[in-house]
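Written below as structure tokens is the structure these notes are about.
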There are 2 protein chains.
Amino acid sequence: MAASPQKVSESTVRRLSLYLRFLEEFEEKGVTTVSSEELAGRGGTTAAQVRKDLSIFGSFGKRGLGYAVPLLGREIRRILGLSRSWRVALVGAGRIGAALFEYPNFRTRGFRIVTVLDHDPKKVGRLWDGTRIRHVDTLEETLRETKVDIAILAVPEEVVQDVVDRVVSVEIKAILNFAPTQLRVPNDVVVNDVNMAMELEALSFALVNRALR
Amino acid sequence: MAASPQKVSESTVRRLSLYLRFLEEFEEKGVTTVSSEELAGRGGTTAAQVRKDLSIFGSFGKRGLGYAVPLLGREIRRILGLSRSWRVALVGAGRIGAALFEYPNFRTRGFRIVTVLDHDPKKVGRLWDGTRIRHVDTLEETLRETKVDIAILAVPEEVVQDVVDRVVSVEIKAILNFAPTQLRVPNDVVVNDVNMAMELEALSFALVNRALR
DNA sequence: ACATGTGAACTGCTTCACAGCG
DNA sequence: CGCTGTGAAGCAGTTCACATGT
């Protein structure tokens with residue numbers, strides 16, 4: 001049943017994203033049915049885990065057969081909220097901002113960058129693929145006018161908390177943060193961090209402790 | 001004591017990175033001692049968690065007092081393997097690669113990008129801040145010659161598995177992957193993924209399910 | 001007196017194993 | 001018969017609470 005799920009762990013959500021990607025690959029190859037075994041085999045998880053993850057949201061499979069690829073794809077998209085498109089603001093048009101703007105996987109998943117803001121007067125006014133860069137001083141008005149749902153922050157760590165406070169003040173509830181700083185936000189706002197230095201540090205730890213495994 | 005730790009969870013390692021960052025902030029402010037309470041307060045964790053995390057590796061605090069900031073910083077750097085410097089190769093000099101190359105937090109933590117590789121003949125031969133871009137065809141020789149420890153992959157998903165296989169073939173044991181693909185590697189190789197589309201999808205899910213919290 | 005270090009209790013995620021159903 | 005869906009068991013990570021040491 002597609003009933004209201006009780007509690008969904010962060011890891012389950014991440015795996016759903018993964019399954020969706022695999023399903024799309026299967027779909028391209030013209031595969032119409034997959035088993036939990038096959039879905040698990042592709043990535044780092046188990047068949048039981050796949051079934052548990054999906055069962056939180058309903059029963060999408062056919063016993064003795066498996067899951068219908070296009071149907072399961074649709075269901076996961078719906079669960080993740082990807083059947084609609086999301087309006088995204090990019091704050092910070094530096095190198096990271098530029099890379100993100102070009103990143104093809106955002107668009108294909110329904111994330112539309114409708115707003116770009118920057119501090120640098122030399123960049124303000126420029127057109128990026130049809131989107132005019134506006135000054136970060138106009139953040140509040142701009143985000144309101146362009147009806148932004150999600151803010152991506154690619155600004156220096158020194159200013160990121162200021163930017164967050166302003167983003168939160170216009171009722172934005174979801175933030176993707178690229179600055180290596182722990183943000184303070186009200187607890188109805190969701191923040192996801194992409195911390196590249198932290199990822200390298202985890203690799204460093206793994207290398208040093210390679211012996212004990 | 002700094003004895004051989006049994007089992008260290010991924011989350012503990014991530015939090016150590018975080019603590020280190022906070023310690024550096026405290027150090028800048030001239031604070032000489034912090035309690036687990038203060039370390040936890042800064043970021044999203046608890047005092048008990050801080051003490052548990054640290055106790056895996058030794059006892060670095062003084063009862064009744066707290067932790068000496070510079071000492072604990074040194075210890076965490078040692079634990080994470082950050083007392084030495086790591087030689088890093090950047091494969092892919094596109095937008096994401098360029099952003100990463102400029103990213104200041106890599107250098108300050110001892111990650112030195114000593115090698116840049118790209119596919120595009122127009123980019124090969126260029127100097128990026130003293131590092132000459134070499135053709136990805138020379139990957140094996142170049143990584144060996146430049147004694148690379150860690151490879152950062154910022155290449156299109158269509159080619160990433162090929163690149164991984166070649167990187168693995170020259171005995172590199174740590175990979176930071178920016179392509180939205182589950183990589184196949186031997187199990188003595190550690191891979192960390194930075195999947196920005198997945199992060200946005202998690203935000204999408206959170207927005208859709210905001211009601212039930 | 002105060003904050004660490006740590007066993008014990010708890011919570012939640014993962015794996016197991018099998019009943020249920022096409 | 002085969003593979004899903006799921007309660008129960010197992011395991012890992014977190015929180016609690018207090019003994020320990022300065």
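The figures that follow rest on heavy atoms only: side chains count, while hydrogens, waters and symmetry mates do not. Chain identifiers are assigned alphabetically (A, B, ...) following the order of the sequence lines, protein sequences preceding nucleic acid strands; residue numbering begins at 1 within each chain.
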- Item | Euclidean distance, atom CD of residue E38(B) to atom C1' of dT4(C) [Å, nearest integer] | 14 Å
- Summarise protein proximity over nucleotides 15-22 of chain D in one line of letters, 5' to 3': B for base, S for sugar-phosphate only, - for none, counting protein heavy atoms closer than 4.0 Å. BBB-BBBS
- Query: Does S59(B) put a side-chain nitrogen or oxygen below 4.0 Å from OP1 or OP2 of dT4(C)?
  - Reply: no
- Message: Output the rounded distance in Å from CD (E10(A)) to C1' (dG12(C)).
- Response: 14 Å
- Note on the structure: So CZ of F178(B) and CE of M196(B): to nearest 0.5 Å the spacing works out to 6.5 Å
- Message: Would you say D53(A) and Q49(A) are linked by a side-chain donor-acceptor pair, where the criterion is simply a distance under 3.5 Å?
- Response: yes
- Query: Want to settle it: does S11(A) or V34(B) sit nearer the 5' end of DNA chain C, counting the closest nucleotide to each?
  - Reply: V34(B)
- Item | Within 45° cone and under 6.0 Å: R51(A) NZ/CZ vs F60(A) ring | no
- Task: Could you please name the option among dG13(D), dG5(C), dG12(C) that lies closest to any side-chain atom of S55(B)?
- Result: dG5(C)
- Message: Rounded to whole Å, please give me the gap between CD in E75(A) and C1' in dG5(D).
- Response: 16 Å
- Message: Without decimals, in angstroms, what is the distance between L72(A) CG and dC3(D) P?
- Response: 16 Å
- Message: Just the rounded figure in Å: distance from P of dT4(C) to CG of D53(B).
- Response: 13 Å
- Would a 4.5 Å heavy-atom cut-off, applied to side chains only, mark R77(B) and L20(B) as touching? yes
- Any luck finding a side-chain donor-acceptor pair between N195(A) and E199(A) under 3.5 Å? no
- To the nearest angstrom, how far is F57(B) atom CZ from dT6(C) atom P? 13 Å
- Taking every heavy atom of G81(A) against every heavy atom of S204(B), the minimum-distance pair comes out as O-OG, 3.1 Å
- Rounded distance in Å - CG (L54(A)) to P (dT14(C)): 14 Å
- Query: Going by atom types alone, do S35(B) and E38(B) pair a side-chain donor with an acceptor below 3.5 Å?
  - Reply: yes
- Message: If the cut-off is 4.0 Å, is Y67(A) near the phosphate of dG5(D), judged by side-chain N/O to OP1 or OP2?
- Response: yes
